[in-house]
Asker: 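Here's a structure for you.
In what follows, chains carry the letters A, B, and so on, assigned in the order in which the sequence lines appear, proteins first and then strands, with residues in each chain numbered from 1. Just so it is clear, the values below take in all heavy atoms, side chains as well, and ignore hydrogens, waters and symmetry mates.
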Amino acid sequence: MNNKSAILTSIESVVKLYKGLNFEFNEVSDSYADAVMTIKCDNAVWNFDAGIKSTINPSVIGQFLQKLPLYKNPPVLITSYVNSKMAEELRSRNINFIDTAGNAFVYSPPLVIDIQGNKPIQKEQQVNRMYRSSGLKIIFTLLCNPGLENVDYRTLSKMSNVALGSVGWVMRDLKQNGYLKESGKKGYRLVNKEDLLQQWVSNYHNQLRPKITLGRYSSIKENWINSLEINETMLWGSEYAAKIITNYLRPEQYTMYIHELKTEFLIKNRLHKSPDGNIEILNKFWTFDNEWTNQHVVPPLLIYADLIISKLDRNIETAKMIYDKELIGVIKQD
DNA sequence: GCATGTGTTAGGTGCCGGAA
DNA sequence: TTCCGGCACCTAACACATGC
């Protein structure tokens, strides 16, 4: 049983406790929904397109919002646990959800379900190493460099900037989770990349991004962006990178990925720490170059992830453009 | 048989969260 | 605030495979 089926099985036993309502779940293999949830009450019937997620965080919400136009029925998020803060945010955005702890918000008048305050019944499952920071660095390298799954571990460790010892553990997890399949003479092949990409985006926000964030800055220079001294270790991410590759977005936030942030760089560009600044600097965690490096732009996967996390409509729209233009071709090569 | 390349793993280190 | 234990990650050594 995969993770989604396990969550669905738990949900089925939870919703039996909702008196007067009959729930049915039918798994589907659409590009947007994982299942169709049907609620019956007296003679009334409601259908919902369900997205099943192992966790809920801002990036998952972003991905969910990106797919909204595709849903045929009102959508509902099904997950293991939604904490009270996240539940409040989902309610405020009118996003339906049900979790395995028994919390739910389903608003489709006259049907209204709003159950709060239930705590998770079991401790979170042991997290795979592949979704820890070192694992996420390796997966990022693999997703950005198709065919790299058969290079030796030392090369992969250098490109991903993780220790050699970690590579073996992560590759083992990728095999165990069905993302790395033996393919005869060709060695191993990365499969199910679309799911892996979405998992990467979700976990990047929680696990890796906080560790590589160096801080927020503002510049005291007017028109600083035009006089910025760019060096070879600095790449644009998020909104400004999206502007460069799509020419669609007008950036309000500026995200830089820098290999080693040096004081001279800050002094030259007159950047100073500011919690509300519109310049965010993060550590560039990978060492490989690709076609985007010359344009001082991070790989599209990272731009996509940062835009999705922002949860802003225009950014999500741009993320979808980048997904369709730059990512779908790579992940469909199974 | 030796050199080199590769994957595995034991032990050390540092970080983080919870308890006092 | 400090201490402590658990955990993730890294280093370095080891074993094995391969090619000359």
Asker: So, A:Glu239 side chain and A:Glu252 main chain: donor-acceptor pair closer than 3.5 Å or not?
Answerer: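 Checked: pair present.
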Asker: Rounded to whole angstrom units, what separation is found between the CG atom of A:Asp152 and the P atom of B:dT6?
Answerer: 4 Å
Asker: For the pair made of CG in A:Asp173 and P in C:dA8, what is the distance, rounded to whole Å?
Answerer: 11 Å
Asker: Figure out the CZ/P separation between A:Phe285 and C:dA8, and round it to whole Å.
Answerer: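 It works out to 20 Å between those atoms.
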Asker: Could you list, one pair per line, each protein nitrogen or oxygen that sits under 3.5 Å from a nitrogen or oxygen of nucleotides 9-16 of chain C, together with the distance?
Answerer:
unit_1, atom_1, unit_2, atom_2, d
C:dC9, OP1, A:Ser133, N, 3.0
C:dC9, OP1, A:Ser133, OG, 2.8
C:dC9, OP1, A:Ser134, N, 3.2
C:dC9, OP2, A:Ser134, OG, 3.3
C:dC10, OP2, A:Ala163, N, 3.0
C:dC10, OP2, A:Ser166, OG, 2.8

Asker: Would you mind checking if A:Glu280 and A:Arg209 are paired as a salt bridge, meaning a charged N to carboxylate O distance below 4.0 Å?
Answerer: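 Here A:Arg209 pairs with A:Glu280 in a salt bridge, since their nearest N and O are under 4.0 Å apart.
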Asker: I'd like to check the salt bridge (charged side-chain N to carboxylate O under 4.0 Å, His left out) partners of A:Lys40; sequence neighbours left out, ordered by chain and number.
Answerer: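 Scan of A:Lys40 (salt bridge (charged side-chain N to carboxylate O under 4.0 Å, His left out), adjacent residues dropped) gives A:Glu24.
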Asker: Take atom CE of A:Met171 and atom P of B:dT9, then tell me their distance rounded to the nearest Å.
Answerer: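 Spelled out: CE on A:Met171 to P on B:dT9 is 16 Å.
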Asker: Take atom NZ of A:Lys158 and atom P of B:dG7, then tell me their distance rounded to the nearest Å.
Answerer: 12 Å
Asker: Can you tell me how the ring of A:Tyr257 sits relative to the ring of A:Phe285, calling it parallel under 30°, perpendicular over 60° and tilted otherwise?
Answerer: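 A:Tyr257 and A:Phe285: perpendicular rings.
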Asker: Identify whether NZ of Lys or CZ of Arg in A:Lys243 sits under 6.0 Å from the centre of the six-membered ring of A:Tyr248 and within 45° of that ring's axis.
Answerer: no
Asker: Could you tell me how far apart A:Tyr188 (OH) and B:dG7 (C1') are, to the nearest whole angstrom?
Answerer: 12 Å
Asker: Going by ring-ring contact (aromatic ring centres under 6.0 Å, His included), name the residues that satisfy it together with A:Phe23, two or more places apart in sequence or in a different chain.
Answerer: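 In terms of ring-ring contact (aromatic ring centres under 6.0 Å, His included), with neighbours along the sequence ignored, A:Phe23 is linked to A:Tyr18.
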